Amino acid sequence: MAEGLVKIPRSFKQLTRRVVIGILLTGGIASLSTLVPLYFYVEKSTDDLALAYANAQAVAVQQQLEHYSSIAAQFSSRSHIRQLLYQYYLGNITKSQLISDSQSRLEDAARLIPELIMGYRLDSQLRLISEYPGPAEYSELPADISFAELAGKPLYYVAHTMGNEFNASSKTAIYISATSPVYDDEHQAIIGVDILLFNSFAIQGILSNWNQFRPQTEFQLVNTRDRVYLKFNPQTQALEHNRLIEPQMLALAGYGDQAFVFHEQSDSGKRLSHYFVPFQDSQWGLIATTPNKTLAQGLQSGLLWILGGILFYALVGAYLIRQWLQPIIKAQVERTRQLKDSNKKLKLANTVFEKTHEAIVITDAKLTIIRANSAVARLFDTDVTNLKNKSLLDFVDHEKVTDAMREDVTRHIRQLESWQGEVWYVRPTGSKFPALQTISPVGNSGGVATQLIHIFNDISSEKTAQKRIETLAMTDALTHLPNRFAIEHVLNQAIAKADTDHMNDFALLFIDLDKFKPVNDTYGHAVGDALLQAIGPRMKEALRANDVIGRLGGDEFVVLIQQVQQRDDVRHIAEKLLNALKKPFRIGELSVQVGASVGIAFYPSHGTTAEALLDAADNAMYVAKQAGRQRFHIAQES
């Protein structure tokens with residue numbers, strides 16, 4: 001044995017062996033218990049994020065398809081040409097008379113729709129009555145359309161090869177078809193069918209503009225009933241069509257109409273992830289397919305390396321401890337290593353504290369600022385020196401701090417638990433901003449919080465985006481008035497306030513325009529839309545400042561009159577509305593005159609819910625309309 005080395009006693013060898021085994025077991029268990037859950041969590045988070053992205057994509061595509069269906073429904077519901085088809089269905093006019101009287105009207109309506117390529121009107125036996133082109137000119141149009149196949153499909157597609165199919169330069173154009181039946185006056189029998197073909201530029205534009213989630217992501221617009229799909233090809237910048245492969249059909253059959261994630265191995269051995277989002281009330285859905293190299297797979301490889309490294313170094317350290325180190329030297333070296341590691345961690349923590357983009361503030365238990373990093377100074381638009389020794393409460397917007405929030409924060413701090421929530425702050429300049437704040441208490445040996453670590457994230461942009469989304473969701477796109485959802489929300493608020501504060505009754509006016517349909521039929525939907533946009537401002541002239549106007553849809557509007565003192569006041573307002581809407585509207589060079597029928601319901605006499613009040617006012621409106629129009633009627637009390 002070399003001089004200077006001390007023989008290690010047998011008891012220490014046993015202790016060393018136990019330490020070696022303990023180190024290996026601890027390293028392995030700690031690594032697996034930490035890294036494995038992290039791997040599955042990140043993989044699931046990746047799938048959830050991708051599925052949410054696919055859902056946003058699907059909403060945009062479905063809205064475009066619903067736009068096509070809406071156009072087809074407008075064609076099939078046009079009253080004059082529908083009456084002509086009905087007379088032909090009854091045998092009262094000939095086919096030539098039908099075509100002569102309706103062809104020009106169909107063509108005029110079609111030219112107002114830029115994306116329309118071709119429309120076909122069929123009789124009840126699916127025989128072609130007339131065809132009407134859209135405004136765009138195409139050198140070649142599909143001549144072999146199967147009307148029988150498209151008639152039973154509200155939304156489908158037509159693949160048309162332009163040029164010689166054997167020519168390498170030939171192209172296949174994809175047209176979106178929208179089918180709408182034409183009904184008789186009683187809406188019982190189908191007397192014909194309208195089939196409209198639209199270009200697919202809008203669909204492929206949506207897919208190409210959104211195709212930025214991953215460079216190799218593919219999107220398939222699938223029809224689960226017919227087992228076909230449309231796919232955007234980024235190389236050709238066009239839509240392609242084909243049949244679904246068997247693995248995808250098995251997955252769709254297994255999950256039905258629910259959104260899901262489906263993983264598979266491609267023929268080349270790559271791992272593919274499919275994210276399927278079905279459309280509501282439709283046989284269509286969207287599949288987003290992304291190849292391997294996902295975040296979870298990259299993490300898997302990295303975690304395996306980390307796990308191997310931990311186990312390797314644990315084994316090497318145990319071997320060195322066993323072979324060379326004596327207990328006293330081991331303790332000294334370990335103490336030195338700990339001091340160095342602590343010093344490095346302190347330096348690293350200080351660097352992270354100062355360089356991180358997140359705003360971090362350290363306070364004492366009374367919220368006096370001890371230290372703040374430069375990100376805090378940027379967030380509060382001040383200098384770091386102006387923050388030290390000041391109370392963090394001096395910058396809080398106390399108007400937006402509730403007693404429940406104070407109690408919740410205090411409870412978490414006493415239990416030495418982190419708290420996270422939204423807190424509004426006021427900068428020294430006076431501007432306010434919301435922050436997502438995390439408060440982590442640091443306790444002493446007695447379990448009492450002595451310091452608090454505050455981490456801020458400015459969420460002003462997120463709040464603005466959320467507010468914009470909420471505004472759009474509650475606003476009618478044409479008139480910019482509150483939509484049905486917003487009206488029901490306001491009604492529920494008014495009911496709750498009336499019940500809580502025992503305020504006066506309020507009234508709901510249901511307004512339906514008289515003679516609006518002839519305006520649409522005579523001058524077209526553009527003039528009809530302009531007229532609808534002018535209704536709101538005209539009604540505001542006859543109302544009070546706090547009265548609420550909304551559009552339910554079509555030519556139906558509602559007015560909420562709050563704090564009704566006497567019912568005669570509401571009758572007077574209804575008369576003013578009728579007189580205002582009876583006056584002519586100036587639409588471009590046209591002078592258009594309509595009228596209105598008004599139904600009135602009072603809360604709580606005619607209903608105690610938003611739905612009941614709307615139904616009561618709607619029924620009262622129909623009584624007014626049947627009594628001769630241009631009048632109002634108050635609902636009957638039950």
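Predicted model only: the values in this text are computed from it and were never measured.
For the residue pair S597 and D514, a side-chain donor N or O sits within less than 3.5 Å of a side-chain acceptor on the partner. For the residue pair E417 and W419, no side-chain donor N or O sits within less than 3.5 Å of a side-chain acceptor on the partner.
Counting only heavy atoms from C-beta outward, the side chains of L478 and R551 approach each other to under 4.5 Å. Here the side chains of V396 and Y425 are in contact, with some heavy-atom distance below 4.5 Å. Under the 4.5 Å side-chain criterion, counting only non-hydrogen atoms from C-beta, K400 is not in contact with E422. A 4.5 Å side-chain heavy-atom check between L155 and F279 finds every atom pair outside the cut-off. Looking only at side-chain heavy atoms (C-beta outward), E115 and I176 stay at 4.5 Å or farther from each other. Inter-residue side-chain proximity for V564 and Y603 is flagged as unmet; no heavy-atom pair is nearer than 4.5 Å. With a 4.5 Å cut-off on side-chain heavy atoms, P604 and D505 count as touching. Looking only at side-chain heavy atoms (C-beta outward), F632 and F510 stay at 4.5 Å or farther from each other.
The environment of E186 atom CD is dense: over 12 non-hydrogen atoms of other residues, nucleotides or ligands sit within 6.0 angstrom. Atom NE2 of H398 has more than 12 neighbouring heavy atoms from other residues, nucleotides or ligands inside a 6.0 Å radius. The neighbour count for H67 NE2, taken as heavy atoms of other residues, nucleotides or ligands under 6.0 Å away, is above 12.
Going from atom OG1 of T368 over to atom CG of D394 covers 9.0 Å, rounded to the nearest 0.5 Å. Separating the CG atom in L491 from the OG1 atom in T609 is a distance of 9.5 Å, to the nearest 0.5 Å. In this structure, I71 CD1 and L116 CG are separated by 7.5 Å, a value rounded to the nearest 0.5 Å. Note that the CG atom of L197 and the OH atom of Y175 stand 8.5 Å from one another [nearest 0.5 Å]. Of the inter-residue distances, the one linking R484 atom CZ with E556 atom CD reads 7.5 Å to the nearest 0.5 angstrom. To the nearest 0.5 Å, atoms CG (D408) and CG (D403) are separated by 12.5 Å.
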Might you work through the side-chain contact (heavy atoms from CB on, under 4.5 Å) test for Y183 and I190, ending with a clear yes or no? CA-CA 5 Å; Y183 291 94; I190 297 177; 3.6 Å; yes

side-chain contact (heavy atoms from CB on, under 4.5 Å) assessment of D499 paired with T608: CA-CA 10 Å; D499 293 342; T608 57; over 6 Å; no

Yes or no on side-chain contact (heavy atoms from CB on, under 4.5 Å) for L543 and L577, after CA distance, side-chain angles and deciding distance? CA-CA 8 Å; L543 297 173; L577 280 174; 4.1 Å; yes

Verify side-chain contact (heavy atoms from CB on, under 4.5 Å) between L367 and L452, making sure each step is shown before the conclusion. CA-CA 8 Å; L367 297 181; L452 303 174; 3.6 Å; yes

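F198 pairs by the ring pair (Phe, Tyr, Trp, His ring centres under 6.0 Å) definition with Y68, not counting sequence neighbours. Looking at residues two or more places apart in sequence or on another chain, you find a salt bridge (Lys or Arg N to Asp or Glu O under 4.0 Å) between R82 and D185. Under the salt bridge (Lys or Arg N to Asp or Glu O under 4.0 Å) criterion, E107 pairs with R111, not counting sequence neighbours. Taking F395 as the reference, F380 meet the ring pair (Phe, Tyr, Trp, His ring centres under 6.0 Å) condition, with sequence neighbours excluded. Remark: H454 pairs with T363, Q437 by the side-chain hydrogen bond (donor to acceptor under 3.5 Å, both in side chains) rule, at least two apart or across chains. Every residue two or more places apart in sequence or in another chain was checked for a ring pair (Phe, Tyr, Trp, His ring centres under 6.0 Å) with F557, and none qualifies. Partners of H489 by side-chain hydrogen bond (donor to acceptor under 3.5 Å, both in side chains), not counting sequence neighbours, listed by chain and number: Q493. Considering only residues two or more places apart in sequence or on other chains, D512 meets the side-chain hydrogen bond (donor to acceptor under 3.5 Å, both in side chains) condition with K625. Legend: residues meeting ring pair (Phe, Tyr, Trp, His ring centres under 6.0 Å) with Y523, ordered by chain and number and at least two apart, are absent.
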Check: residues 614-622 side-chain donor-acceptor pairs under 3.5 Å, at least two apart:
residue	atom	partner	partner atom	Å
N619	ND2	D615	O	3.1

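A pairwise comparison of heavy atoms in P537 and A534 identifies CD-O, 3.5 Å as the closest pair. Minimum interatomic distance between A610 and I495 (heavy atoms only, all atoms of both residues): N-CD1, 3.6 Å. Residues Q565 and D569 share a closest heavy-atom pair of CB-OD2, 4.0 Å. When all heavy atoms of S180 and A72 are compared, the closest pair comes out as CB-O, 3.5 Å. Contact detail for D397 and V401: the closest heavy-atom pair is O-CG2, 3.5 Å. Heavy atoms only, all atoms of each residue included: I587 and V592 are closest at CG1-CG2, 4.2 Å.
In this structure, H606 contributes its side chain and F602 its backbone to a donor-acceptor pair below 3.5 Å. When atom types are taken as modelled, the side chain of E488 and the backbone of E611 share no donor-acceptor pair closer than 3.5 angstrom. The backbone N or O of R406 lies less than 3.5 Å from a partner atom in the side chain of T410, making a donor-acceptor pair. No donor-acceptor pair closer than 3.5 Å links the side chain of S200 to the backbone N or O of I203. Put simply, the side chain of R414 never gets that close to the backbone of H412: no donor and acceptor are under 3.5 Å apart. Checking side-chain atoms of T522 against main-chain N and O of P518 turns up a donor-acceptor pair under 3.5 Å.
When I369, L379, I453 are each tested for a side-chain contact (heavy atoms from CB on, under 4.5 Å) with V361, only one passes: I369.
Counting only residues at least two apart or on different chains, the salt bridge (Lys or Arg N to Asp or Glu O under 4.0 Å) pairs with a member in residues 571-583 are D568-R571. Sorted by first and then second residue, the salt bridge (Lys or Arg N to Asp or Glu O under 4.0 Å) pairs with a member in residues 516-545 read R544-D547; sequence neighbours excluded.
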